[in-house]
Every structure is written in C-alpha cells, then in structure tokens.
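So the structure is just underneath, and the comments pick up after that.
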Amino acid sequence: MDILKIALLQIAPCGSLDDNLEKGMGCCRMAKKKGADIALFPEMWSNGYAIHERPAEEWRREAIPADSEFVNNFGRLAGELDMAIGITLLEKYADGVRNTLVLFDRFGERKMTYAKVHTCDFSVERNLTPGEGFCVTELDTACGIVKVGAMICYDREFPESARILMLQGAELILVPNACPMEINRLSQLRARAYENMLAVATCNYPEIVPDCNGRSTLFDGVAYLPEEEGSRDTCILEAGGEEGIYIAGLDLNQLRDYRENEVHGNAYRHPGKYGILTETKIEPPFIREDYRQ
C-alpha cells in the first residue's frame, strides 16, 4: 500500500525567529526519524502567530521575505532529509505583510507559496494583505506524485476554498492553524474532506499556546468502503492538546479508488446553475462595515 506519512508539528513557539528556526528544524529531523514524508507547521511559525494584544506596527516589523534565510533553511533541510516541509511565516510582501505557507518537496525545491485568502478582517488580521487565490502543486513524495493544495485557518470556513482546490485536482489539502479546534471547526474539516473526496491535514498549536488547544487532525475523506456496512469515520488522527509530533498515515490507493467511484467531488455537480456564487453583492443580514474585497 502507498501510505503517505504526514507529520503534524503541534509545537509551541520560542519567542524569537532564531529560536523558532532551531526548534523547527529539530522537530523536522524528529519527524523524519518517525518516518514522515511531509512535515507541516502550525500557522505563522516564524513569529508564533504573535499578532494579538500587540500594536500592529510592532509585529509587522517581524515580517520576513518568502526567500529569507529562515525559509531557505527549511528548503535545504527538506533536501537533506528527503522529506517535504510546509513552513509558515509572517511574510514581508510588497508594501504589506501576508500570512503564508511555503511548501518544499523532498528535493528541497520550492513547490508552492500560498498566502491566506480569507484573512480575519474582523480582527487584527485586517492588517494583513490577503492572498490572491488558491493553487495546487504536484508534490514528488516517496509514494509518488501527490496533488497538494493549501488553506490557512479561517480559509477552511469557506466551502469555496476546498472546492476550488478539488477542482484544480487536489488530493490532499494542508491546513496550518492557530485557534481553538472545537467540535464545529472540526466538523468543517470533516465536511471539506467528505464533500470533495480528498484528505485534509490540519496542524494547530498545542494547548500551552494562548487561544489554541491542539487537536491537529487528518481526515481522509473516504466515507464508504465496499467491505463495510454503512459509513466509516474519516478521521484518521486527532491529536490531544499536548505538544508533540503526530504522524498520520494516508492510504493513497484507497483514496484514489474512492475518488474514481463515489458520488461526491465533481462527479455530479451542475455548475451552470450556480451563477449566484460569483455575484459580489452582499445583502442583509451579512453586511459588515469592516468588509473589504
């Protein structure tokens, strides 16, 4: 079987860029020893998502370029370890800052730079520049090519995010996160995996980090198997609240067989009837003064 092993680095930040680099690289090495093919960090690892309860002008100065030495160190490490790494950062971008994931393949090649599209504009993230769209890359792994997309935290609350990635061919969505993962947010992840027939791997900060509680997860999206009566639990792994490196195994052959035969995803959609989804007008009760394009 082709079992893709995903390491969810549910770890606490250290308080400085250099210390986060050292701890992050050490955890990647431990993930490799555990057999991981991909290591994923929680949201904005470069500064530990330390943007709340601080003036924006202060934390904006902590932004680093996507081609900084901090990021490139993880690229070199990916090639050294023969393991893909999804590193997250507060990115210095043009005249602003973004909430970004950079994905390196096992050869150390940069395969994706994704910036969070759905920034939390009702909160401090209004000071971030939103990303421009979603993308999928072909990631060379020990299990062969896997089509991988990304969402970041609040992106998961919009069905369109995962739907677009599915339409672009994604089999696996990586989701860096920094918030409490309670029953409703976990249900969102389960739904995104189920309705699109793909896997969703989410990495959160542990419970020792303020306003976080661990519970990193992998949902494989496979709800039905011919040999089983009724539906099955698509949750392959749900971590507790403790800091740690959690390894989840994704059965790619099972997922691909399921996608070829089941009824969800893009099998029976009627996009010609969905025109209202592309309209930009917002009607009550959803009008918000702080909304921005």
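In this chain, numbering begins with 1 at the start of the sequence shown.
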Any side-chain heavy-atom pair of [X] and [Y] under 4.5 Å:
X: Ile6; Y: Ile247; value: no
X: Cys212; Y: Glu207; value: no
X: Arg54; Y: Glu62; value: yes
X: Leu90; Y: Thr100; value: no
X: Cys27; Y: Lys23; value: yes
X: Ser46; Y: Thr88; value: no
X: Tyr258; Y: Tyr224; value: yes
X: Arg110; Y: Val102; value: yes

If I take atom [atom1] from residue [X] and atom [atom2] from residue [Y], how far apart are they, to the nearest 0.5 angstrom?
X: Glu243; Y: Ile11; atom1: CD; atom2: CD1; result: 6.5 Å
X: Met30; Y: Lys34; atom1: CE; atom2: NZ; result: 8.0 Å
X: Cys203; Y: Leu174; atom1: SG; atom2: CG; result: 10.0 Å
X: Cys120; Y: Ile152; atom1: SG; atom2: CD1; result: 11.0 Å
X: Ser187; Y: Arg156; atom1: OG; atom2: CZ; result: 11.0 Å

Does the [X] side chain pair with the main chain of [Y], one donor and one acceptor, at a distance under 3.5 Å?
X: Arg292; Y: Arg126; answer: yes
X: Asn72; Y: Ser68; answer: yes
X: Asn20; Y: Pro13; answer: no
X: Tyr114; Y: Val117; answer: yes

Looking at [X], I want to see if its [atom1] is surrounded by more than 12 non-hydrogen atoms of other residues, nucleotides or ligands under 6.0 Å.
X: Glu229; atom1: CD; result: no
X: Glu53; atom1: CD; result: no
X: Glu22; atom1: CD; result: no
X: Lys92; atom1: NZ; result: no
X: Glu227; atom1: CD; result: yes
X: Tyr268; atom1: OH; result: no
X: Ile183; atom1: CD1; result: no
X: Glu182; atom1: CD; result: yes

Practice task
Mind running side chain to side chain contact (heavy atoms under 4.5 Å, CB included) on Leu89 and Ile64 for me, showing each step along the way?
Solution key: CA-CA 8 Å; Leu89 64 147; Ile64 57 176; 3.8 Å; yes
Under 3.5 Å, is there a donor on one side chain and an acceptor on the other for [X] and [Y]?
X: Asp18; Y: Ser16; answer: no
X: Ser216; Y: Gln10; answer: yes
X: Glu43; Y: Asn99; answer: yes
X: Arg256; Y: Asn253; answer: no

Please determine whether a side-chain nitrogen of the Lys or Arg among [X] and [Y] lies less than 4.0 Å from a carboxylate oxygen of the Asp or Glu.
X: Asp155; Y: Lys116; value: no
X: Glu171; Y: Lys147; value: no
X: Arg98; Y: Glu125; value: no

Exercise for the section: Decide salt bridge (charged side-chain N to carboxylate O under 4.0 Å, His left out) for Lys5 and Asp37; before the verdict, give the C-alpha distance in whole Å, the side-chain angles of both, and the deciding distance to 0.1 Å. Expected result: CA-CA 5 Å; Lys5 294 184 178 179; Asp37 299 302; over 6 Å; no
Exercise for the section: Only one of Phe104, Phe41, Trp45 passes ring-ring contact (aromatic ring centres under 6.0 Å, His included) with Phe74; say which it is. Expected result: Phe41
Fill in the blank from the handout: With Ile38 as partner, the option from Asp105, Leu172, Val146 fulfilling side-chain contact (heavy atoms from CB on, under 4.5 Å) is Leu172
same_hphob_cluster([X], [Y]) at 4.5 Å side-chain heavy-atom cutoff:
X: Leu8; Y: Met44; value: no
X: Ile3; Y: Leu250; value: no
X: Leu40; Y: Val136; value: yes

Exercise for the section: Classify the angle between the aromatic ring planes of His118 and Tyr154 as parallel (below 30°), tilted (30 to 60°) or perpendicular (above 60°). Expected result: perpendicular
Exercise for the section: Applying salt bridge (charged side-chain N to carboxylate O under 4.0 Å, His left out), run through Glu283 and Lys281 and close with a yes or a no. Expected result: CA-CA 7 Å; Glu283 301 280 2; Lys281 183 170 63 174; 3.4 Å; yes
Exercise for the section: Check Arg185 against Glu157 and note the closest heavy-atom contact, atom names and distance. Expected result: NE-OE2, 3.7 Å
Exercise for the section: Using the salt bridge (charged side-chain N to carboxylate O under 4.0 Å, His left out) rule, take Arg76 and Glu69 through it: C-alpha gap first, then chi angles, then the decisive distance, then the call. Expected result: CA-CA 10 Å; Arg76 287 188 286 268; Glu69 271 304 290; 2.7 Å; yes
Handout entry: Worked verdict on Glu195 versus Arg163 for salt bridge (charged side-chain N to carboxylate O under 4.0 Å, His left out)
Key = CA-CA 8 Å; Glu195 65 203 9; Arg163 181 66 85 189; 5.4 Å; no
Practice task
Take Asp220 and Tyr194, measure what side-chain hydrogen bond (donor to acceptor under 3.5 Å, both in side chains) needs, and give me the verdict at the end.
Solution key: CA-CA 8 Å; Asp220 72 357; Tyr194 172 77; over 6 Å; no
